[in-house]
**Student:** 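Let me give you the structure first, and then I'll get to my questions.
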Amino acid sequence: MNISLITFPGTNREHDMAMALKQAGATNVNMVWHKETDLGKTDLIVLPGGFSHGDYLRCGAMAANSPIMKDVIAQSKKGVRVFGVCNGFQILIEAGLLPGALLHNNSLKFICKNVHLKYVAQGGYMKPDEMIHVPIAHGEGNYFANDAILKQLEDNDSIAFKYCNDNGICDDAANPNGSVANIAGIYNKDKTILGMMPHPENATQDHQINTSARPFFTSLLNSL
Amino acid sequence: MTQNALKSSAATIHEPEVTFELAKGYGLSREEYDLILNRLERTPTHTEIGIFSVMWSEHCSYKTSRMHLKTLPTKAPWVIQGPGENAGVIDIGDNQAAIFKMESHNHPSYIEPYQGAATGVGGIMRDVFTMGARPIANLNALRFGDPSHPKTRHLINGVVAGIAGYGNCMGVPTVGGETQFDSSYNGNILVNAMTVGIAEQDKIFYARGASVGQPVVYVGSKTGRDGIHGATMASAEFDDGAEAKRPTVQVGDPFTEKLLLEACLELMQKDAIVSIQDMGAAGLTSSSVEIADKGEIGVHLNLDLVPQREPNMSPYEVMLSESQERMLMILKPGHEDVARAIFEKWDLDFAVIGETITERNLVLDMHGRQWCNIPVPPLVDDAPIYDRPHTAYDVADLDPRFYDELDNSSEHILTALKQMMSCPDMASKRWIWEQYDGLVMGQTKASAGITKTQAGCASDAAIVKVNDKKALAMSSDCNPHYCFANPFEGGKQIVAESYRNLCASGATPKAVTNNLNFGNPERPEIMHQFVKCIEGMGEACRELGYPVISGNVSLYNETNGTGILPTPVIGGVGLINDLSQSMDMAFKSEGEAIFVVGQSDAAKGHLGQSLYVREYHHLKGEEGGNTPSVDLAKEKVHGQFILKLIQQAMISSCHDVSDGGILCAVAEMMLSSGIGLKLIEPHDLSFYFGESQARYLVSTNDPQSLIKLAKSENVPVMQIGSTGGSNLTLSDEAKISLNELSALHENWLHDYMTSLS
């Protein structure tokens with residue numbers, strides 16, 4: 001099993017992600033610099049969090065045009081699995097691999113805190129209504145999609161995670177950033193590409209106390 | 001525009017004539033100016049006088065503080081590098097070193113809060129990674145003016161966003177700190193930033209070590225006109241025109257610094273660097289002078305080769321610019337290409353701008369002309385040293401009648417508790433720390449705050465894991481009110497509190513960095529505060545085996561003649577050898593016995609300068625009484641006893657007793673755990689809110705063993721209550737629910753920052 005962790009100038013959660021993948025049993029996690037052009041044979045492409053290109057211009061906009069992204073897009077079209085977290089999610093949207101947009105948090109502030117997520121898709125890496133407790137750490141994670149895209153996401157069973165409270169209720173009070181319909185993460189139609197704002201990788205290690213995202217990573221690796 | 005097109009021709013540069021009047025505008029005194037004429041035996045050029053003025057500024061030369069700083073203890077077997085380099089270094093075992101320092105960015109943060117605070121964070125991280133360490137944690141100590149002051153809200157907003165903007169982008173977790181308010185900071189806020197990094201002991205880099213005939217290399221961002229005379233600005237007090245000094249504030253680019261960090265650490269694996277110095281205050285001037293002075297050599301630079309982002313810069317501007325994210329290094333000859341390849345990979349400027357020379361001079365060429373040729377030693381060694389006069393003052397203790405007239409009813413004590421837990425200094429700082437990424441890097445065990453923290457664990461110190469087993473604990477501390485009323489005891493107390501915070505987290509205290517913020521030292525009473533705080537700190541550090549390994553001095557924190565409270569902040573670092581033996585402040589179950597360690601009876605507590613007297617009686621300064629005295633022998637014994645309790649797994653939570661005394665401490669433990677508590681019997685108010693030192697609160701399932709061990713170690717202990725329920729119960733008539741207290745504690749800052757006026 002080959003996992004490619006793509007790093008851009010300004011990426012900063014690549015080691016957190018590698019720790020989580022290794023904890024779940026991954027052995028071959030390769031860091032790939034954005035100036036590379038060929039991923040070779042890979043089973044999973046991961047775009048970790050950070051501030052690629054300083055989040056200047058628009059989060060993820062410049063990274064989406066990095067040399068390596070041509071191959072990321074090409075391989076994803078062939079069905080190779082792609083997983084983007086936080087800035088990685090922003091890059092996937094900017095690259096056109098996932099629909100919608102990520103706006104400034106409605107508080108206009110960077111927020112780092114723990115949130116509850118409810119898994120709402122019928123297929124994919126978790127079971128419907130399963131919950132995980134994970135941190136968010138972003139300034140621009142306010143997911144927006146127009147009604148047509150939202151309908152498409154719902155029709156295609158593409159909404160992966162929604163922000164909820166500890167009872168699993170997805171209301172405004174549980175929405176940390178103003179995301180439309182409390183959306184925290186989405187799939188593409190075939191569920192081979194997943195992008196999400198929260199950081200499940202920071203809820204996997206013993207010293208992190210909260211290890212609620214371990215089953216998610218196990219399932220992610222089992223799907224390969 | 002090409003790089004060449006940005007360069008001016010020599011003809012367009014007109015240096016002003018150098019006179020004493022000009023030098024005075026750059027902060028030099030008549031005596032200092034005459035000394036320069038004397039040393040050079042001629043009138044300096046404009047570039048030269050600029051260089052002298054920044055090197056001899058208070059900020060760079062420590063001319064007021066140097067003779068006093070020398071008295072601080074700086075050595076211990078585990079200290080690898082004490083003060084004098086970019087940061088201090090200690091041995092933490094397994095060939096690992098912890099490298100850390102705290103630094104102020106007070107003046108710039110008042111003028112331009114976002115950029116001032118951001119570049120403060122950027123600067124301190126550079127100090128740490130210059131030495132070969134990867135930064136693993138940031139902390140900050142902030143002091144703002146009275147919440148009712150019209151500028152306070154705006155300053156908090158900008159400072160917090162600036163710290164968040166820089167630290168989050170760098171991918172270094174901000175894990176702790178402190179925020180306090182007092183009207184003495186209305187015109188001079190304090191922004192002190194601390195970075196802790198980890199390096200391998202055989203890959204530590206220093207400014208010293210350069211020799212003759214080696215290339216001088218410039219890397220990082222291009223040089224612009226920002227921050228010129230920033231060091232001079234930070235060496236003078238403000239008047240009403242402070243805002244007009246905005247051009248002296250630097251502008252930060254955390255993305256470039258992230259690239260610079262990765263590029264430097266990559267090059268440091270290659271055995272190519274002889275010495276390295278970041279360009280902080282006084283930019284290219286102080287970095288080249290430091291390298292030359294420490295290597296006992298000279299430096300010859302061609303300023304045409306310095307990457308510039310603005311056209312027509314003069315040599316004076318190039319040398320005094322404080323543009324951020326730049327480094328100067330001396331390479332081993334022949335290693336230029338290896339280094340260049342790494343910096344080009346990271347899209348950073350790389351330029352060989354000169355070489356080291358035998359003659360101990362700083363020689364600067366530009367446009368085919370020489371603009372500066374001055375000996376290096378006078379810039380550093382001959383910088384004036386001032387033994388400024390200081391006048392003692394005494395603050396009387398609270399009148400015994402004050403104690404006699406206190407209302408000791410449980411109802412009153414409860415009312416006071418509510419007020420104190422929601423007052424600006426004690427209220428939750430969630431609105432601040434939720435803007436900081438406290439979790440990036442994935443190694444944070446305990447982060448800022450008391451309840452619902454980012455790391456899910458609240459301890460007296462922030463805890464960050466450094467390898468499979470070990471962790472570092474760190475905290476920042478200062479009680480300016482104590483330091484005002486009694487600078488000597490106040491200085492001791494800060495060190496003692498830092499020591500207690502580390503012990504309470506399960507860490508062995510190792511070393512400290514200090515950040516000494518004071519008013520105008522030319523006023524004898526301010527100088528008294530400075531001298532006595534250092535004496536107190538020195539005594540405590542010596543007694544506790546807790547040396548000072550780095551630090552920073554910020555004087556002239558004054559506006560229109562009103563100075564800040566003396567605020568010498570201590571950043572302490574301790575080592576937890578086995579992460580499974582770290583400690584937090586949350587009760588773990590119902591029915592635990594709660595003990596005070598360090599006290600055996602319900603004696604009166606010390607209320608002078610306490611939070612209770614400040615918040616409830618509005619008695620501050622000279623009216624607030626005297627500072628509690630600090631018994632360093634007790635601090636040491638009680639601290640070691642706490643560590644023993646933790647290592648023998650005899651307690652389930654621990655919290656030091658400081659601001660707000662026993663009752664506020666126990667309330668925080670309750671909030672942290674979500675488990676209530678009941679106190680055994682009513683005591684006097686001063687018992688609950690007194691701030692006598694050398695005390696901790698612990699909870700245990702095994703009170704008998706604790707009492708037995710305390711007896712054998714000769715440490716006084718006293719049970720004050722037990723855990724259970726969902727209230728803090730003082731007596732049958734006086735209780736408060738967890739939820740009510742939590743709301744009071746959580747709401748103040750959030751409401752303040754989100755209200756319009």
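The structure displayed is predicted, hence computed values, not measured ones. Numbers restart at 1 for each chain; the letters A, B, ... are given by sequence-line order, proteins then strands.
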**Student:** Count the heavy atoms of every other residue, nucleotide or ligand shown that sit under 6.0 Å from NE2 of B:His750, and state whether that count exceeds 12.
**Tutor:**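 Open: at most 12 neighbouring heavy atoms sit under 6.0 Å from NE2 of B:His750.
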
**Student:** Are more than 12 heavy atoms, taken from residues, nucleotides or ligands other than B:Asp468, located less than 6.0 Å from that residue's CG atom?
**Tutor:** no

**Student:** At their closest point, which heavy atom of A:Cys112 faces which heavy atom of B:Gly438, and how far apart are they?
**Tutor:**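 Heavy atoms of A:Cys112 and B:Gly438 come nearest at SG-N, 3.8 Å.
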
**Student:** Relative to chain B, which segment of A:Asn202 carries a heavy atom at a distance below 4.5 Å: side chain, backbone, both, or neither?
**Tutor:**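 Contact with chain B is through the side chain of A:Asn202 alone.
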
**Student:** Do the side chains of A:Met19 and B:Gln443 get nearer than 4.5 Å, heavy atoms only?
**Tutor:**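 They are in contact (side-chain heavy atoms under 4.5 Å apart), so the answer is yes.
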
**Student:** Using non-hydrogen atoms and a 4.5 Å limit, figure out which bit of A:Thr204 sits close to chain B: side chain, backbone, both or neither.
**Tutor:**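 Neither part.
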
**Student:** What part of A:His207 lies closer than 4.5 angstrom to a heavy atom of chain B: side chain, backbone, both or neither?
**Tutor:**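 For A:His207, the contact with chain B is made by backbone and side chain together.
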
**Student:** If you look at every heavy atom in A:Gly10 and B:Leu259, which pair is closest and at what distance?
**Tutor:** N-CD2, 4.3 Å

**Student:** Heavy-atom distance under 4.5 Å to chain A: side chain of B:Thr444, backbone, both or neither?
**Tutor:** backbone

**Student:** Once you round to the nearest 0.5 Å, how far does OG of A:Ser107 lie from CD of B:Gln435?
**Tutor:**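 Between A:Ser107 OG and B:Gln435 CD, I get 7.5 Å after rounding to 0.5 Å.
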
**Student:** Tell me, side chain or backbone of B:Lys345 under 4.5 Å from chain A's heavy atoms, or both, or neither?
**Tutor:** both

**Student:** Taking side chain as C-beta onward, heavy atoms only, is B:Asp253 less than 4.5 Å from A:Tyr56?
**Tutor:**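 Yes, their side chains come closer than 4.5 Å.
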
**Student:** Could A:Lys35 and B:Asp347 be called an ion pair, given the rule that one side-chain N must be under 4.0 Å from one carboxylate O?
**Tutor:** yes

**Student:** If you take all heavy atoms of A:Lys109 and B:Asn157, which pair is closest and at what distance?
**Tutor:** NZ-OD1, 3.1 Å

**Student:** Ion pair present between B:Asp437 and A:Lys113, side-chain N to carboxylate O less than 4.0 angstrom?
**Tutor:** no

**Student:** Let me know if A:His53 has heavy atoms under 4.5 Å from chain B in its side chain, its backbone, both or neither.
**Tutor:**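 For A:His53, the contact with chain B is made by backbone and side chain together.
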
**Student:** What are the two closest heavy atoms between B:Leu439 and A:Pro135, and how far apart are they?
**Tutor:**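 Between these two residues, the closest heavy atoms are CD1-CB, 3.4 Å.
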
**Student:** Please classify the contact between B:Lys465 and chain A as side chain, backbone, both or neither, with a heavy-atom cut-off of under 4.5 Å.
**Tutor:** side chain

**Student:** Measuring from A:Asn114:CG to B:Gln454:CD, what's the distance to the nearest 0.5 Å?
**Tutor:**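 If I round to the nearest 0.5 Å, the distance is 7.5 Å.
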
**Student:** Quick check on B:Thr754 against chain A: is it the side chain, the backbone, both or neither that has a heavy atom closer than 4.5 Å?
**Tutor:**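 B:Thr754 has no heavy atom closer than 4.5 Å to chain A.
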
**Student:** Which pair of non-hydrogen atoms, one from B:Asn168 and one from A:Asn12, has the smallest distance, and what is that distance?
**Tutor:** O-ND2, 3.3 Å

**Student:** Decide if atom CG of A:Asp172 counts as having more than 12 heavy atoms of other residues, nucleotides or ligands within a radius under 6.0 Å.
**Tutor:** no

**Student:** Select one option (side chain, backbone, both, neither) describing which atoms of B:Ala161 are under 4.5 Å from chain A's heavy atoms.
**Tutor:** neither

**Student:** For the atom pair CD (A:Gln205) and NZ (B:Lys445), what is the distance rounded to the nearest 0.5 Å?
**Tutor:**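 Taking CD in A:Gln205 and NZ in B:Lys445, the distance rounds to 13.0 Å.
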
**Student:** Which bit of B:Leu579 comes within less than 4.5 Å of chain A, counting heavy atoms only: side chain, backbone, both or neither?
**Tutor:** side chain

**Student:** Check each atom of B:Glu262 against the heavy atoms of chain A and say whether the ones under 4.5 Å are side chain, backbone, both or neither.
**Tutor:** neither

**Student:** Could you tell me whether the side chain of B:Phe255 reaches within less than 4.5 Å of the side chain of A:Phe51, counting heavy atoms only?
**Tutor:**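 With C-beta onward as the side chain, the pair stays apart.
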
